[in-house]
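Single-structure report; data block below.
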Amino acid sequence: MHSLRFRFLLSIVLVACLALLALWSMAHFVIYPDLLTREDDYVAREMGRVESAWQSDLNKLGAETRDWASWDDAYAFIQGRSPDFAESNFSQEMFEDMAHLMMVFMRMDGTPVWMAGYNPDTDTYSTCTSATNECRWMSPFFNVIQAHVQQQTPELDKWLLSVPAPTMIATSPIFPTERDKAPPLGWLAIVRSMDRSWFESIRHQTGVDVSIEPILHPDLIIKPPPIIRISDDQLLATRWLKAEPNDDVLSLQATLARHDFMANAASFNFAMFWTVGVLLTVVVVILGLLERIILAPTRRLARFTREQRQEEHFSEILPVSLIARRDELGSLAREFQHLLMHQKQRTDSLQQLSQRDHLTGLYNRRYLDDYLMQTLLEGHRTKTSSGLLIIDIDYFKAYNDHYGHLEGDHCLVRVAQSLQRALDDQGIMARVGGEEFIAVLPGVTREHLWRTAERLRGAVADLSLLHECSRVAPHITISLGMAMSIPEAPCQPAELIRLADESLYRAKQAGRNQVGARARDPQYHPDTL
């Protein structure tokens, strides 16, 4: 009862219990709430990427609808002057390739002129002048579209439909190419189904598995929390999207893995158990004679570990006095050093994989999003401008088809290297799509951004990469779109990218191999650049 062994064991039990209580309190009130907050930020970023992806698809659908509706042949078709327009321009293969469910040409009052659609359920292609007979399956969609255009101003509109199936719809008035010479004569509506192939496309773009369910009477349903943690490995994130008709909503759900949370929790648990072991060792060595042999070196090891955890860049070299020991502590120190070196290698490798495009070595879209957000925030804080360039290789699909995908990859690498060299250290260059790149330049003027864009265009042209299928030049060329966020009118990242994308669209419309500008920007004057 009064033996040193009993007192020693009792002391160990008491100290272990106190240590476990302290660690449990820290985990319950500090660590895990912080991990959950970080996980919420991660979910917000991933859902932002998903939203950006479906918004991009909706914008693309709107652009296609606008292009069809502003075609002179479509205008003539509505006037009845082009009877072979539908037969020569539409087919089942076109609908399948463009992933369109249906297209409807209507007069201004909403009465149908001609409609066509591909029904994937029956694998049939139908064309009619009304939603009857073989086009009866289009009737639920057409009724909502007809009601929508009757209240729509004569401008392009993009919206979502909940029933009979989740779909994206774009409606545009039909004008001639020169809109100021004639009034609109009708409406064009294009419908794209948000079906399995669309989900696969979103997953391919974002790496996130998503699903959509229509909520027909949202006011009668208790809105679920935005994040539901299903298990230790997965969580369910939900966003409600406005849809028609009757103020319905679409429930966009994404299943996300909890890798970071579980890894951090496991690391904390490992640190907790390791700390308990250290505490037990410290209690044992308090007996006196083992102070110098065990306790002092252990304290040095614990101090080194704490210092490394507090530093942003840790060192894998432990104190020589620990590594040089020939006993168990020396072996532990050397193994711990190996562990640190291995961890540093894994950290460097993971960071490289998470930030770089595997083919070109440029930064990827995830790093670009973070960098662009920080650049715009810093520009807003310091009252400086930030520029963004969207770069697209002209007729790259034709290049791939003609030379093969292997040569296409080689071309992408050469172009990426040329762009990176031409950009120098003015900002970052990222690959965001197959042949699309984005450059972010902090603290630049409009003139500087324009000159940089021209320098990039010239650098690619100087490569003289043969492109026999290009309609612009016998070699590879690029088109660029530019946009700026200025202190007087700061932009959000999505807005800045959208403006640059519009600028790129104008460059392509103007003939490609050039830099597009924001024509609606009151500060843009071509003669000053």
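Just so we're clear, the structure is a prediction, and the values are computed from it rather than from any experiment. Computation of the quantities below employed the complete heavy-atom set of this structure, encompassing side-chain atoms and omitting hydrogens, waters and symmetry-equivalent molecules.
- Remark: S130 pairs with T132 by the side-chain hydrogen bond (donor to acceptor under 3.5 Å, both in side chains) rule, at least two apart or across chains.
- Sequence neighbours left out, not one pair with a member in residues 180-210 passes ring pair (Phe, Tyr, Trp, His ring centres under 6.0 Å).
- The aromatic rings of F105 and W114 lie tilted to each other, with the angle between the two planes from 30° to 60°.
- Evaluation of the side chain to side chain contact (heavy atoms under 4.5 Å, CB included) rule for T375 yields Y371, S386, V440, P442 as partners, not counting sequence neighbours.
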Point to revise | Candidate pair T65 and M103, rule side-chain contact (heavy atoms from CB on, under 4.5 Å), full reasoning | key: CA-CA 9 Å; T65 305; M103 296 179 68; over 6 Å; no
Exercise for review: Check step by step if side-chain contact (heavy atoms from CB on, under 4.5 Å) holds for F437 and L362.
Suggested key: CA-CA 9 Å; F437 305 85; L362 299 179; 3.6 Å; yes
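- Relative to the six-membered ring of Y395, R512 meets both conditions, a distance below 6.0 Å and an angle of at most 45° to the axis.
- Paired with V415 under the rule side chain to side chain contact (heavy atoms under 4.5 Å, CB included), one option of L419, V413, L412 passes, and it is L419.
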**Study point:** Full working for side chain to side chain donor-acceptor pair (under 3.5 Å) between E64 and H100
**Key:** CA-CA 11 Å; E64 293 175 358; H100 289 166; 2.8 Å; yes
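- Under the disulfide (SG to SG under 2.5 Å) criterion, the residue pairs touching residues 47-142 are C128-C135, with sequence neighbours excluded.
- Residue pairs satisfying the salt bridge (charged side-chain N to carboxylate O under 4.0 Å, His left out) criterion with at least one member in residues 139-148, sequence neighbours excluded, are absent.
- Listed by first and then second residue, the disulfide (SG to SG under 2.5 Å) pairs that reach into residues 142-180 come to none, sequence neighbours excluded.
- Pairs passing the disulfide (SG to SG under 2.5 Å) check and including a residue from residues 48-101, sequence neighbours excluded, do not occur.
- In this structure, R356 is positioned above the aromatic face of Y363, its NZ or CZ under 6.0 Å from the six-membered ring centre and within 45° of the axis.
- With sequence neighbours left out, the side chain to side chain contact (heavy atoms under 4.5 Å, CB included) criterion links N400 to F396, H405.
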Practice item. Start with the C-alpha gap between R192 and T167, add the side-chain angles, then the distance that decides, and say whether side-chain contact (heavy atoms from CB on, under 4.5 Å) holds. Key: CA-CA 6 Å; R192 178 177 180 178; T167 52; over 6 Å; no
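- Within the structure, salt bridge (charged side-chain N to carboxylate O under 4.0 Å, His left out) contacts touching residues 148-167 (residues at least two apart or in different chains) do not occur.
- Applying the ring pair (Phe, Tyr, Trp, His ring centres under 6.0 Å) rule to pairs touching residues 465-490 yields Y399-H467, sequence neighbours excluded.
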Review point. Passes side chain to side chain donor-acceptor pair (under 3.5 Å), D394 versus T477? Steps please.
Key: CA-CA 6 Å; D394 295 328; T477 59; 2.7 Å; yes
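- Taking the salt bridge (charged side-chain N to carboxylate O under 4.0 Å, His left out) definition, one finds that R66 meets it with nothing, sequence neighbours left out.
- Inspection of the Q205 and S201 side chains reveals an N or O donor paired with an N or O acceptor under 3.5 Å.
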Practice item. Show the numbers, then the answer: is there a side-chain contact (heavy atoms from CB on, under 4.5 Å) between Y403 and C469? Key: CA-CA 10 Å; Y403 296 100; C469 299; 5.5 Å; no
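- Applying the side chain to side chain contact (heavy atoms under 4.5 Å, CB included) criterion to V444, with sequence neighbours excluded, gives L441, H448, L449, M484.
- A side-chain N or O of T360 and one of D357 form a donor-acceptor pair less than 3.5 Å apart.
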